[in-house]
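Structure first, commentary second.
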Amino acid sequence: VADSYRPEDDEDGRPPAEFRALSQIPRSTDLATARESLRERAYCQSDDPRSLAARWRSRSRIARLNEDASLERLLRCDTFSPSALDAYLECPYRWFYSRAVHPERLESGFDESAQGSFAHQVLARAYTALRESGIERITPDTVDEGHAAVQAAWEAVNADYGAPGTVLEKSERHATLGWADRIVEHDASFAVGFSPNVLEWSFGFGDDDAIDMGGFKLRGIVDRVDSDSAGRAIVIDYKRSGGPSAANILKKRKIQVPLYFEAVRKGLGLEPVAGLYRGVRVCEDRGLVLETAAISGCFKSTDVMAQVEFSDIVEGALELARAAVEGMRSGRIDQKPFDSATCAKCEAFAVCGGSR
């Protein structure tokens with residue numbers, strides 16, 4: 001340790017050293033350490049397993065596609081989903097691995113995603129049945145009818161899925177029944193004056209029904225759109241574990257609901273005044289609410305925004321989306337998660353090695 005601090009002109013001065021940047025290709029010299037010599041051999045395309053491992057550890061973390069056919073394919077892409085844009089903004093490499101490479105699992109169980117999809121189907125069937133029976137929205141007087149519709153919908157979806165593969169799957173399917181009942185209870189006082197008129201609205205999957213967002217087109221499936229007689233709309237996205245607050249929509253790059261605002265405005269002719277991520281496991285609504293809309297719900301007061309702030313968040317989400325599209329089309333797939341915590345649950349972790 002002391003050798004590092006002695007003056008070079010000291011009689012016991014520091015030993016000779018050569019300083020190089022970490023990214024510089026190592027060279028075998030008299031001053032090279034054993035590890036540096038190993039790395040140098042790795043760059044020489046050695047087939048030695050230790051050399052190959054050293055080459056892997058010292059690889060560049062800045063990734064870009066260079067293969068012409070792949071780049072041409074990306075350049076031709078003009079329609080994107082909000083979930084794909086969210087994934088790219090979260091980590092470009094995660095998007096590339098999960099959306100472009102799209103490896104299939106050897107075994108697929110009833111995971112959180114499957115449970116969420118199960119709950120979505122139950123809610124969509126229940127509210128469709130209520131509308132067909134003449135109940136446009138849940139009120140304190142029609143909560144019992146709502147619970148009956150949920151029970152019938154759950155039984156139908158459960159039958160469609162077939163027999164559960166495990167005891168855990170059976171338990172998790174049954175848990176969704178309680179989640180849907182909780183939404184019905186909450187809807188008795190949620191957004192009075194609005195009704196769930198559009199359920200599981202899909203767009204952009206046909207030849208010409210994608211929504212033009214200026215620079216790219218959007219496709220997706222909106223879980224639910226509540227509207228009133230004045231043509232105002234509340235965009236609702238069910239989330240198993242809740243969603244971001246208004247302040248975190250841009251901060252954490254969760255832009256799905258603001259993008260759906262533009263889709264609803266252009267595709268349905270309604271004017272969005274709120275976009276909410278509604279938790280199905282707990283009674284919590286988070287998202288973005290226009291101050292003048294006077295909507296009741298389980299959201300926080302900090303999610304209520306004046307018109308200027310409301311519009312700024314929507315425009316900011318569009319800018320993030322356009323930046324993501326540009327990155328995808330140019331083949332930028334940096335191993336650079338926006339939040340290092342992303343790596344803990346990322347399916348690409350075993351391939352890229354994470355953010356370390």
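Quick caveat, the model's predicted, so the values are computed rather than measured. As a basis for the values below, the full set of heavy atoms in this structure was taken, side chains included, without hydrogen atoms, waters or symmetry mates.
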Could you check whether any side-chain N or O of Glu291 sits under 3.5 Å from a backbone N or O of Val304, counting only pairs where one atom can act as donor and the other as acceptor? no
If you apply the rule side-chain contact (heavy atoms from CB on, under 4.5 Å), what do you find for Asp237 with Leu276, and how did you get there? CA-CA 6 Å; Asp237 188 66; Leu276 294 170; over 6 Å; no
One should read off an interatomic distance between Glu271 CD and Ser227 OG, to the nearest 0.5 angstrom, of 12.5 Å
Any side-chain to backbone donor/acceptor pair from Asp223 onto Tyr238? Under 3.5 Å, distance only. yes
Strictly distance-based, threshold 3.5 Å: is any side-chain N or O of His186 a donor or acceptor partner for the main-chain N or O of Arg182? no
Treating Glu315 as the side-chain partner and Asp312 as the backbone partner, does any N or O pair qualify as donor plus acceptor under 3.5 Å? no
Within this structure, what is the CD1-CG distance for the pair Ile135 and Asp141, rounded to the nearest 0.5 Å? 10.5 Å
Full working for side-chain contact (heavy atoms from CB on, under 4.5 Å) between Trp179 and Arg281: CA-CA 6 Å; Trp179 298 355; Arg281 294 177 64 191; 3.4 Å; yes
Just wondering, do Tyr93 and Asp334 contact through their side chains at under 4.5 Å, heavy atoms? no
side-chain contact (heavy atoms from CB on, under 4.5 Å) partner of Arg125, chosen from Leu199, Val150, Asp160: Asp160
Under 3.5 Å, side chain of Asp303 to main-chain N/O of Arg286, donor-acceptor pair present? no
Quick one: OG on Ser117 to CD on Glu112, what's the gap to the nearest 0.5 Å? 13.5 Å
Flag yes if more than 12 heavy atoms outside Lys266 fall under 6.0 Å of its NZ atom; otherwise flag no. yes
So, the side chain of Thr302 versus the backbone of Ala247: is there a donor-acceptor pair under 3.5 Å, distance only? no
Kindly compute the distance separating CG (Leu75) from CE (Met328), expressed to the nearest 0.5 Å. 13.5 Å
Could you tell me whether Arg137 and Glu145 make a salt bridge, using a distance below 4.0 angstrom between a side-chain N and a carboxylate O? no
I want to know whether Trp95 and Tyr97 have ring centres closer than 6.0 Å. no
Arg94 vs Glu347 side-chain heavy atoms within contact, under 4.5 Å: yes
Distance check, rounded to the nearest 0.5 Å: Ile211 atom CD1 versus Asp209 atom CG? 7.5 Å
For Tyr127 and Glu136, test the side chains for any donor-to-acceptor distance below 3.5 angstrom and give the result as yes or no. no
Please check: side-chain N/O of Asp68 versus main-chain N/O of Leu71, any donor-acceptor pairing under 3.5 Å? no
Less than 4.5 Å apart, side chain to side chain, heavy atoms only: is that true for Pro258 and Ile249? yes
Less than 4.5 Å apart, any side-chain heavy atom of Leu218 and any of Pro82? yes
Flag side-chain contact, heavy atom, 4.5 Å: Ile183 against Phe190: no
Walk me through it: do Asp228 and Ser195 pass the test side-chain contact (heavy atoms from CB on, under 4.5 Å)? CA-CA 6 Å; Asp228 67 0; Ser195 301; over 6 Å; no
Min side-chain heavy-atom separation Phe216-Leu85 under 4.5 Å: yes
What do the steps show when you test Val235 against Arg224 for side-chain contact (heavy atoms from CB on, under 4.5 Å), and what is the final call? CA-CA 6 Å; Val235 178; Arg224 174 174 152 184; over 6 Å; no
Between the side chain of Tyr260 and the main-chain N/O of Ile221, is any donor-acceptor distance below 3.5 Å? yes
Answer yes if Ile236 and Met305 sit in the same cluster of Ile, Leu, Val, Met, Phe, Trp and Tyr residues linked by side chain heavy atoms under 4.5 Å apart, and no otherwise. yes
Under a 4.5 Å cut-off applied to non-hydrogen side-chain atoms, are Arg232 and Phe194 in contact? yes
Passing option when Asp285 is tested against Lys239, Arg278, Lys300 for salt bridge (charged side-chain N to carboxylate O under 4.0 Å, His left out): Arg278
Atom pair CD/OG of Gln115 and Ser113 - distance to nearest 0.5 Å: 10.5 Å
Arg322 with Glu326: basic N within carboxylate O range, under 4.0 Å: no
Can any side-chain N or O of His174 pair as donor or acceptor with the backbone N or O of Lys170 at less than 3.5 Å? no
Identify the residue among Arg99, Lys254, Lys336, Arg253 that makes a salt bridge (charged side-chain N to carboxylate O under 4.0 Å, His left out) with Glu90. Lys254
Kindly assign one of parallel, tilted or perpendicular to the pair Phe118 and Tyr161, based on the angle between their ring planes and the thresholds 30° and 60°. perpendicular
If we count only N and O atoms by modelled type, under 3.5 Å, do the side chains of Ser311 and Gln307 hold a donor and an acceptor together? yes
With the 4.5 Å side-chain cut-off for hydrophobic clustering, are Leu259 and Phe338 part of the same group? no
Note, Glu262 side chain near Leu318 side chain (heavy atom, < 4.5 Å): yes
